[in-house]
Amino acid sequence: MKHIMAKMKKVNAMHFLFLSGTTWLLFAFLIFPNINLIFETFFQDGRFTISAIERFMKSGRAMRSLKNSFILAGTLAITVNLLGTFIVLVSDYFKIKGSRFLKIGYSSTLVYGGIVLASGYLFVYGSSGVITNMLMKIFPAMNPHWFEGYGAVTFVMTFALTSFHIIFLSDALKNIDYQTIEAAKSMGASSWTILTKVVLPVLSPNYFAITILIVLTGLGATSAPLMIGGEHFQTINPMIIRFSKSIASRDIATVLSLILGIATIFTLFISKIIESRYHYMSVSKVKTTLIKQEIKNPAVNILLHVSAYTIFLIYVIPILLIIIYSFTDGYTIATGNIRISSFTLQNYTSLLFQPSSYKPYLTSIVYATLAAFMVGALILTLARYLRSGKSFYRSVVDYALMTPWLLPSTLIAMGLIVTYDTKRMLLFGKVLTGTPVMLLVGYIIIKIPFTLRMTNAALYNVDHSLEEAAKSMGARPFYIFRKIVFPVIRPFILAIFVLNFNALLADYDLSVLLYHPLYEPLGVVMKNNAESQINPNAQALVLVYSVILMLISTISLSLVYGKQKKVL
Amino acid sequence: MITFDNVEIRYGDFVAIQNLNLIINEGEFFTLLGPSGCGKTTTLRSLVGFIKPSQGTILIEGVRVNDKPVEEREIGIVFQSYALFPTMNVFDNIAFGLQLQKKSKTLIEQMVWEIAEKVDLNNEQLNKRVSELSGGQQQRVAIARALVMKPKILALDEPLSNLDANLRGQLRMELKRLQREFGITTIYVTHDQEEALTISDRIAVFNKGYLEQVGTPKEIYNESKTEFVTNFIGDINLLPGNLKKELEIDIKLQAYIRLEKIYLEPPHPSPERYHKLGVVLVEKEYYGNLSKYTYQYQGDLMRSYVIDNERNDCAIGDHVDIYIDKNAILTF
Amino acid sequence: MITFDNVEIRYGDFVAIQNLNLIINEGEFFTLLGPSGCGKTTTLRSLVGFIKPSQGTILIEGVRVNDKPVEEREIGIVFQSYALFPTMNVFDNIAFGLQLQKKSKTLIEQMVWEIAEKVDLNNEQLNKRVSELSGGQQQRVAIARALVMKPKILALDEPLSNLDANLRGQLRMELKRLQREFGITTIYVTHDQEEALTISDRIAVFNKGYLEQVGTPKEIYNESKTEFVTNFIGDINLLPGNLKKELEIDIKLQAYIRLEKIYLEPPHPSPERYHKLGVVLVEKEYYGNLSKYTYQYQGDLMRSYVIDNERNDCAIGDHVDIYIDKNAILTF
Amino acid sequence: QKEGSGELVIYSNSLTDGRGEWVEEKAKEAGFTVTAVQVGGGDLANRLIAEKNNPVADIVFGLNTMGFESLKNENVLLEYVPEWAGEVEEGMNDKDGYYHSLVKQAILLIYSQDVYSEATGPQDWTDLWENPAFHGQYFLFSSLSGGTTRAVISGILVRYLDENGELGVSEEGWEAVKQLYDNGYIAKEGEEFYALLAEGTTPMGQMWSSGLAAREEQYGVKSYYAKPAVGVPYVVEQIGIIDGSSNIDEAKKFLDWFGSAEVQGKWAEEFYSLPANKEALSFAPEYIRAIDESLTVQDIDWGFVGAHIEKWAEKIELEIMR
Ligand SMILES: Nc1ncnc2c1ncn2[C@@H]1O[C@H](COP(=O)(O)OP(=O)(O)OP(=O)(O)O)[C@@H](O)[C@H]1O
Ligand SMILES: Nc1ncnc2c1ncn2[C@@H]1O[C@H](COP(=O)(O)OP(=O)(O)OP(=O)(O)O)[C@@H](O)[C@H]1O
Ligand SMILES: [Fe+3]
Ligand SMILES: [Mg+2]
Ligand SMILES: [Mg+2]
């Protein structure tokens with residue numbers, strides 16, 4: 001009897017330790033540093049002020065940009081889901097010739113994004129882009145700046161954001177009980193009915209998670225509107241980033257950022273309500289694996305093939321052009337006139353054969369790997385805890401984990417520096433500012449909300465009864481996790497890891513404030529090179545860096561997914 | 001009419017069904033019977049169109065259907081693992097096929113209620129999610145979902161395995177009624193020999209991918225063609241060597257007798273047909289309506305069925321006489 | 001010893017189990033029986049710890065376990081829906097629990113092979129993925145996975161529902177052997193009355209969330225305490241009004257007699273106990289080892305079991321005499 | 001970690017293109033141990049301010065006067081007048097001795113020789129909006145985060161200082177800036193001014209003096225620059241010591257060495273810059289000196305500008321730009 005009591009005590013102690021550990025982590029790294037900053041916004045010189053709100057309300061430009069951000073987010077929630085669903089169905093659900101090849105093209109957005117992606121599309125559709133030049137030959141009266149504004153931004157971002165679908169839906173599809181499809185078929189259901197009534201509803205939790213991420217990314221759109229939006233379609237995030245770097249205007253950045261953050265959390269809240277209504281539990285005994293569906297109607301089949309390959313081209317041409325242009329000089333890149341003489345290896349040689357050039361790569365790879373791994377592990381633990389039941393504390397934790405979405409990364413970095421530049425009890429008297437750990441902490445923090453949402457989506461795919469079975473055999477939570485849960489969610493978790501890794505690899509905004517002088521990360525080096533005052537080939541260097549980053553990302557992806565294939 | 005002509009079915013390298021030749025008549029209640037893993041489900045799935053035979057032809061009403069898509073075969077199916085739609089409630093699961101046929105809403109409701117009543121699901125349960133049902137309730141939803149469509153051919157894969165005897169009896173009657181009333185050809189998979197014998201017009205017994213015997217229940221039971229079938233259908237005694245000698249049966253043959261062909265009470269009509277044997281009662285197994293008695297005969301065990309035991313007032317350890325029906329001995 | 005003390009279990013507003021008081025003794029083979037949806041699985045799951053009772057206490061060996069985590073209860077369980085691990089092959093599924101106990105690799109292999117043989121899974125099947133098994137094979141994996149652990153308490157939820165009679169018999173014996181050899185307390189859920197009667201030390205019959213009766217198989221069968229139990233266990237005749245008058249039974253009572261308590265052959269020991277009735281044979285239902293005869297008596301139907309029918313050479317339409325055991329009439 | 005170690009950490013936004021390595025190497029030769037850390041313009045000040053309670057850096061250089069003004073206001077800097085302070089041109093060093101000048105840069109309004117002659121091109125920034133022919137023809141950045149842009153704006157706004165005006169600028173001044181933005185071509189991110197200049201899309205725009213030559217060569221285009229009567233704004237890159245440095249003595253020695261005419265001369269020679277140290281001026285490349293000599297310095301109170309530029313930028317970005 002005694003040892004049972006002891007065991008109980010141990011369990012309780014562990015539980016207590018876990019809870020207090022979580023509370024401490026949340027408070028020390030998410031709430032305390034950030035709340036300070038938010039307070040400062042509204043309490044200047046000890047007095048409550050809404051000057052920031054007034055200043056921003058007065059600005060037509062800011063209001064318009066804010067509105068555009070919401071419009072964009074709303075539009076993308078629809079368009080990205082449509083396109084994303086299409087490419088996933090083409091590559092993993094329907095029998096399409098060459099679907100594996102197509103999928104590689106569709107997955108290209110996993111390895112590049114942001115400015116580079118937008119430039120890629122401009123190489124195709126911009127005023128001196130390939131397509132534009134072709135069209136101009138046919139319609140000389142055409143406006144070369146036709147690819148601009150709301151439509152263009154939506155187009156580019158729609159293609160850019162489908163990576164969520166590639167990651168989540170493809171693997172979630174594999175978790176469908178194939179016999180339900182067979183059942184529907186035997187009742188005479190058409191492919192379309194099966195898709196809409198049987199398959200997609202099962203994926204609804206995944207759709208909710210993806211949609212939140214789309215809305216969030218749409219609200220936070222930066223590069224595409226800046227480069228393609230033109231005068232009439234600017235969004236709010238560039239302004240936030242810009243103002244967060246200015247001492248005098250930081251309060252406005254905070255306010256704007258809070259608006260976006262609250263909108264995001266509101267979306268989350270709404271979707272949680274809807275989600276709970278659509279919540280379902282698997283009832284299949286042992287799932288049988290999905291078999292690719294043939295399309296019976298030849299016309300539809302041809303149409304599907306044609307659109308699949310057209311979309312494939314839209315995906316890959318920008319990336320090809322980026323690779324091509326990375327071998328040309330800055331003049332060619334800026335003007336789009338490729339001549340034989342444009343080509344040069346100098347961009348690569350100057351970057352790759354610099355004596356110290358490998359160190360930033362190493363630094364960033366180490367930081368990104370560590371951070372992606374740690375945030376993944378931390379969030380997995382927390383996400384499992386959050387899903388293990390319902391309680392007030394859990395909701396608090398859930399929403400507290402969202403705080404990094406409330407502030408731009410510059411301000412998060414500032415909050416961290418200011419908080420941990422003195423010895424604080426909260427950190428057991430350690431000073432973080434100026435240490436190499438600081439950047440790691442920062443990386444982990446900014447990746448928390450994203451990782452949590454993605455991980456939650458992944459956990460939907462685990463059948464609860466399997467955990468019960470393992471428990472009944474005496475398996476401890478961690479063992480269950482390792483042996484039962486993780487194998488099911490592994491593809492998702494690895495994908496999240498890679499996405500985080502890739503994003504952190506080239507991070508600039510946070511890195512520049514937090515990095516240790518001796519360990520300069522890649523993003524900072526890239527930006528420095530790109531902002532060279534005297535080297536007019538700086539533009540080319542950006543492309544070269546991007547190509548190298550794509551290469552690293554591709555390698556990390558294929559490492560991760562290559563292993564994957566053998567397991568499943 | 002359904003014809004399997006020289007059909008072979010494979011999962012990768014594994015041959016699940018070999019050289020299957022089988023004809024199922026229109027309107028027949030046809031049962032596939034066999035031990036677990038023998039290929040019953042596989043046969044059913046090939047008929048419905050979920051797996052393609054690697055060899056041979058499947059014909060429905062004389063038309064080759066090997067390449068005919070599932071949705072055009074119009075076969076209702078109850079899956080062994082139910083395959084219910086997890087995102088729909090019970091009502092919608094059952095109504096799914098009807099909605100596909102664009103039936104009116106009121107008609108659908110009426111049809112669903114009707115069938116739900118037949119499978120003993122009430123209104124409250126119709127509104128639950130399928131994950132909120134008990135195992136047997138889920139199975140009944142699967143049955144209802146297939147029956148409500150009144151298909152020409154009905155394929156049922158162990159549809160009653162999770163239901164109690166009363167409900168099973170009730171649903172068996174319902175299945176028979178449907179089959180008779182609408183001339184539905186029913187292909188029924190079951191692991192339950194008794195059920196197969198009661199309900200079927202004809203039975204096909206499978207073993208390890210091979211078809212062992214096809215026939216009416218009585219043929220299968222009383223005229224088992226192979227040793228496997230003999231053993232598989234109902235309980236049976238393997239005659240011990242001594243007894244074989246006594247009965248002048250070739251010692252090299254395997255000789256069997258069914259439990260119910262051994263009698264405790266002396267037979268009246270034709271005593272010469274019965275062989276009397278002095279044995280010791282060693283065990284009584286209780287089955288409710290009947291008991292299984294085990295006797296010892298010169299070191300070997302023999303068993304028989306006895307209906308209720310109050311009238312047979314012998315106790316364990318008693319020396320009793322049993323009577324073996326010589327005509328009922330099967331040899332292989 | 002397992003005690004349910006005034007237990008109530010709810011799913012949201014729905015009360016699945018009401019006011020359950022039940023004691024299961026150590027080493028007992030205890031069966032939960034009842035119609036589909038009556039709460040058998042729910043009771044089992046509350047014992048294992050997957051659901052918490054909304055009221056009352058569950059005790060294992062005198063210790064309240066309501067809040068004890070599942071993994072510490074050391075109860076082996078076979079799920080009605082198997083809950084096999086899809087990412088592992090069959091071997092790993094079975095070995096899962098052993099690996100948890102950090103047994104040596106060779107020992108694990110040996111134990112898995114041993115149990116696999118018992119449930120009739122061969123080496124090839126051990127290396128398959130669970131989705132590549134037939135329904136019955138999957139069920140056997142689920143059984144093997146629980147048995148291999150030799151837990152103190154074993155909870156089995158319709159573990160044999162997809163298996164054929166021979167295999168079922170074989171596994172029942174194995175379960176009994178384990179229970180006896182290791183004193184495993186076995187809680188067994190089944191929908192199969194016959195199985196329950198054969199295998200159990202005691203049976204609890206549930207109906208709509210209520211416990212109707214607990215007792216040994218014989219008590220349950222022969223001394224059914226409620227009308228529900230009477231009807232649920234085995235087939236039964238409701239005595240028609242005319243016959244009740246004839247037998248001088250209060251006409252307001254419901255009177256039942258089991259099918260096997262009606263005899264076709266005249267009884268010898270105590271004739272005064274039997275009531276002779278002239279009836280017409282109207283139907284013979286074939287069950288293999290026995291048949292069910294239906295007779296007409298003054299417009300009402302009565303049924304009885306007859307072992308094998310060659311000796312009872314009456315045909316449908318014949319007038320026959322049947323003998324009713326008056327001592328076996330149950331009234332409510 | 002470097003408590004009195006003698007190792008210096010230098011933050012600068014001006015260490016690209018080999019400058020960082022150059023500084024480290026030359027300093028080593030002179031007996032210093034130096035880590036040079038490049039941090040982009042806007043972020044450098046932020047980082048320093050954030051770190052001020054526990055500074056990592058000992059020395060900062062490269063930010064212009066506006067930047068150093070805000071560092072000074074945030075109490076980041078330590079007062080120290082280096083030996084060479086007197087050799088710097090009048091009015092560039094901090095009057096209070098917190099920072100001192102290294103390199104100066106003229107901020108030019110340039111226009112393409114393909115489109116304009118010196119006579120037809122703009123003579124001053126004001127021409128851009130006052131002459132309708134120039135409307136839509138000049139290149140502007142969409143953000144006011146860059147030092148060059150800020151210098152241009154300051155150069156315009158200081159002509160309209162008014163104590164009673166909003167943020168110290170008269171109504172008229174704000175109107176002028178509004179005119180500037182209303183009639184210019186506001187660039188999208190990623191657009192290269194020189195590419196547009198070469199194409200003729202926007203043949204006018206801002207440029208800093210030492211960047212001119214390389215770009216003209218790269219894009220094969222020649223341009224003139226305007227020589228306004230009021231002069232052109234000069235941005236001056238400064239140097240200072242961080243308050244709280246644990247190597248103050250070493251830092252002071254470094255400052256004396258780095259700003260000296262000899263080192264600044266070599267720097268100018270190597271990196272085509274215009275030294276603020278008059279005695280080093282002769283080392284600067286010929287063409288830059290020629291530009292410098294042809295221009296007058298616009299009289300700007302950088303202390304005042306430094307105190308207001310953030311607010312000005314905010315107002316322009318929020319209210320004036322469309
Ligand atoms: N998750 C749930 N939510 C709501 N009701 C439920 C849930 N699970 C079961 N029920 C209901 O509780 C009752 C008892 O269910 P339980 O699974 O215990 O039945 P059972 O006796 O095991 O039946 P079966 O023999 O069909 O498996 C059923 O009426 C069922 O509909
Ligand atoms: N997807 C598969 N891949 C490989 N082998 C399979 C697959 N499905 C079934 N099998 C094998 O084929 C054989 C026949 O399977 P089938 O499902 O037809 O059996 P069954 O007669 O329905 O058995 P049960 O009564 O247990 O359901 C089994 O040995 C099984 O292991
Ligand atoms: Fe103990
Ligand atoms: Mg099967
Ligand atoms: Mg159940």
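The parts of C/Gln137 that come within reach of chain B are both its backbone and its side chain, each placing non-hydrogen atoms under 4.5 angstrom from that chain. In this structure, the portions of C/Ser36 lying under 4.5 Å from any heavy atom of chain B include both its backbone and its side chain. Both the backbone and the side chain of C/Thr198 come within less than 4.5 Å of a heavy atom in chain B. Neither the backbone nor the side chain of C/Tyr82 comes within contact range of chain B; no heavy atom of the residue lies under 4.5 Å from a heavy atom of that chain. Proximity to chain C is limited to the side chain of B/Glu124, based on heavy atoms less than 4.5 angstrom apart. No part of C/Asp157 comes within reach of chain B, as not one of its non-hydrogen atoms sits under 4.5 angstrom from that chain. Interface remark: C/Leu163 contributes backbone and side-chain atoms alike to the contact with chain B (heavy atom separation under 4.5 Å).
Heavy atoms of other residues, nucleotides or ligands lying less than 6.0 angstrom from NZ of C/Lys276 number 12 at most. Few gaps surround NZ on B/Lys128; more than 12 heavy atoms of other groups in view lie less than 6.0 Å from it. Enclosure of atom CD in C/Glu285 by more than 12 non-hydrogen atoms of other residues, nucleotides or ligands within 6.0 angstrom is indicated. Within 6.0 Å of NZ in B/Lys292 there are more than 12 heavy atoms belonging to other residues, nucleotides or ligands.
A distance of 9.0 Å separates CG of C/Leu160 from NE2 of B/His191, quoted to the nearest 0.5 Å. Of the inter-residue distances, the one linking B/Gln138 atom CD with C/Gln80 atom CD reads 7.5 Å to the nearest 0.5 angstrom.
For chain B, the option among C/Glu194, C/Arg258, C/Glu195 with the highest count of heavy-atom pairs below 4.5 Å is C/Glu194. Comparing C/Gly136, C/Ser161, C/Cys38 by heavy-atom pairs within less than 4.5 Å of chain B, the highest count is held by C/Ser161. Options B/Leu167, B/Thr41, B/Leu197 differ in how many heavy-atom pairs under 4.5 Å they form with chain C, and the most are formed by B/Leu197.
The two residues C/Gly37 and B/Arg140 come nearest to each other via the heavy atoms N-NH2, 4.4 Å. Here the shortest heavy-atom pairing between C/Asn162 and B/Glu158 reads OD1-OE1, 2.7 Å. Across all non-hydrogen atoms, the minimal contact from B/Asp164 to C/Phe232 is OD2-CE1, 3.4 Å. Closest approach of B/Asn231 and C/Asn166 over heavy atoms only: O-ND2, 3.4 Å.
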| Test log, rule side-chain contact (heavy atoms from CB on, under 4.5 Å), inputs B/Glu132 and C/Phe14 | CA-CA 10 Å; B/Glu132 288 170 356; C/Phe14 181 83; over 6 Å; no
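Taking the side-chain hydrogen bond (donor to acceptor under 3.5 Å, both in side chains) definition, one finds that B/Lys118 meets it with nothing, sequence neighbours left out.
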